[in-house]
Amino acid sequence: MKISTIELGMLRVPLKTPFKTALRSVDHVEDIIVRVRTDDGASGWGGAPATAVITGDTHGSIIDAIRHYIAPKLIGRDIADHNRNIALVQSALERNTSAKAAVEIALYDLFGQLHGAPTYQLLGGGDPVVSTDITISVDYIDKMVADSINAVERGFSALKIKVGKDIGVDIERVRAIHAAVEGRALLRLDANQGWTAKQAVFALQALEDAGVHLELVEQPVKARDLSGLKFVTERVHTPVMADESVFGPSEVIELIRMRAADIINIKLMKTGGLSGAIQIADIAAVHGMECMMGCMLESSVSVAAAAHLAAAKSQVITKIDLDGPSLCANDPVIGDTVFNEAEITLGTRSGFGVTDVPGLLPVRSD
Ligand SMILES: C[C@H](N)C(=O)N[C@@H](CCC(=O)O)C(=O)O
Ligand SMILES: [Mg+2]
């Protein structure tokens, strides 16, 4: 099973409703899809969105990184030599974690196919059903309350509420949602770096004093402000989760050393794929720290891979935010992972179970 070609295309899927955070607003998922073909006719599928405000990666940079740096290292290589292939992806160039993730996903897909097993089984097994939260975009208070009630009625038992726009309104947003869905859903806040450390402590203490129980607060302060993150972690009861502050294993080690957060959000687009995500989960497990498996606004191609990893690492990945496919108006991807609102069920096909991604748009040539 030798790699013969690596093809790229663009998958564009409309969202049910615009996705709005403190960092950006978008109304489509737009992923660069990677198809790694082998000489015996197999295809491994991967994908990556361009979340430039978080990873720095654009569609153009993902295409260039794969085409000019990663693909040349892999052509002709045997899928069976998996760990060396992964090392070649990671050492092909610095950063560019989304491009690396897209290719790693395709390689783990093919490795599963080579061994005739769903990839989560090769990663250690686990329960094939995982349960995700859903994002409530930051918006007018009434709209966020209506979206939250709707999500609970659709069966979501955890809401990821986007805040970080205006501290006073944020407190009111969360209080109103809490009053509307109290006892029916866990509330997770994600400020996407929108607060200062002092604002975060003020808002979280105000919510705690008002009796609003929060399961966690994600990335309250700027990504690079690790001492601000620590300041918040030390002053509130609500568990603090690091997202944009940590990409790879070395940043996680530093975060743990500093005791700057309580939980880590692992995303394939930050780690550069499954290999770095596995390392983070193992480091966290050693330190008795819990993790979330998260995603960017991305399609089911890459979210399926994240769900496989979450299933295999459920001892340490105790929270799931894999709602990309649930936020889309439709899913053109042909695969056997079933995304049914809050419930994600892994299929029995080998690899990640994707068999085709129809309707891909051409990506620019050089
Ligand atoms: C989609 C997911 N629920 C989510 O919120 N992910 C990111 C933001 C991703 C994006 O802007 O595409 C997060 O901050 O956790
Ligand atoms: Mg986040």
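Throughout, numbering of the chain's residues begins at 1 and tracks the sequence. Values below: all heavy atoms of this structure, side chains included; hydrogens, waters and symmetry mates excluded. Order of appearance sets the numbers: ligands from 1, and atoms from 1 within every ligand.
With respect to Asp321 and Lys267, no salt bridge is recorded, no charged nitrogen being found less than 4.0 Å from a carboxylate O.
When every heavy atom of Ala307 is checked against every heavy atom of Ile344, the shortest pair comes out as CB-CG2, 4.0 Å. For the pair Ala50 and Ile62, the tightest heavy-atom approach, listed with the atom from each and the gap, is CA-CD1, 4.1 Å.
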| task | Check step by step if side-chain contact (heavy atoms from CB on, under 4.5 Å) holds for Leu207 and Leu189. | result | CA-CA 11 Å; Leu207 289 166; Leu189 300 192; 4.1 Å; yes
| task | Under the side chain to side chain donor-acceptor pair (under 3.5 Å) rule, what do Arg37 and Ser4 come out as? Steps first, then yes or no, please. | result | CA-CA 6 Å; Arg37 290 187 195 259; Ser4 50; over 6 Å; no
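Residue-and-atom listing of protein N/O/S atoms under 2.8 Å from the Mg ion (ligand 2), sorted by chain and number: Asp190 OD2, Glu218 OE2, Asp243 OD2.
Within a 6.0 Å radius of CZ in Arg235, other residues, nucleotides and ligands contribute more than 12 heavy atoms.
Looking at Val29 and Arg12, their side chains never come closer than 4.5 Å, going by heavy atoms from C-beta outward.
Sorted by chain and number, the residues within 4.0 Å of ligand 1 by heavy atom are Phe19, Arg24, Thr51, Thr135, Lys160, Lys162, Asp190, Asn192, Glu218, Asp243, Lys267, Cys295, Met296, Leu297, Asp321, Asp323.
Remark: aromatic rings of Tyr108 and His82 are close, center separation under 6.0 Å.
Results of the side chain to side chain donor-acceptor pair (under 3.5 Å) test with Asn192 over Gln219, Lys162, Glu218 single out Lys162 as the only residue that passes.
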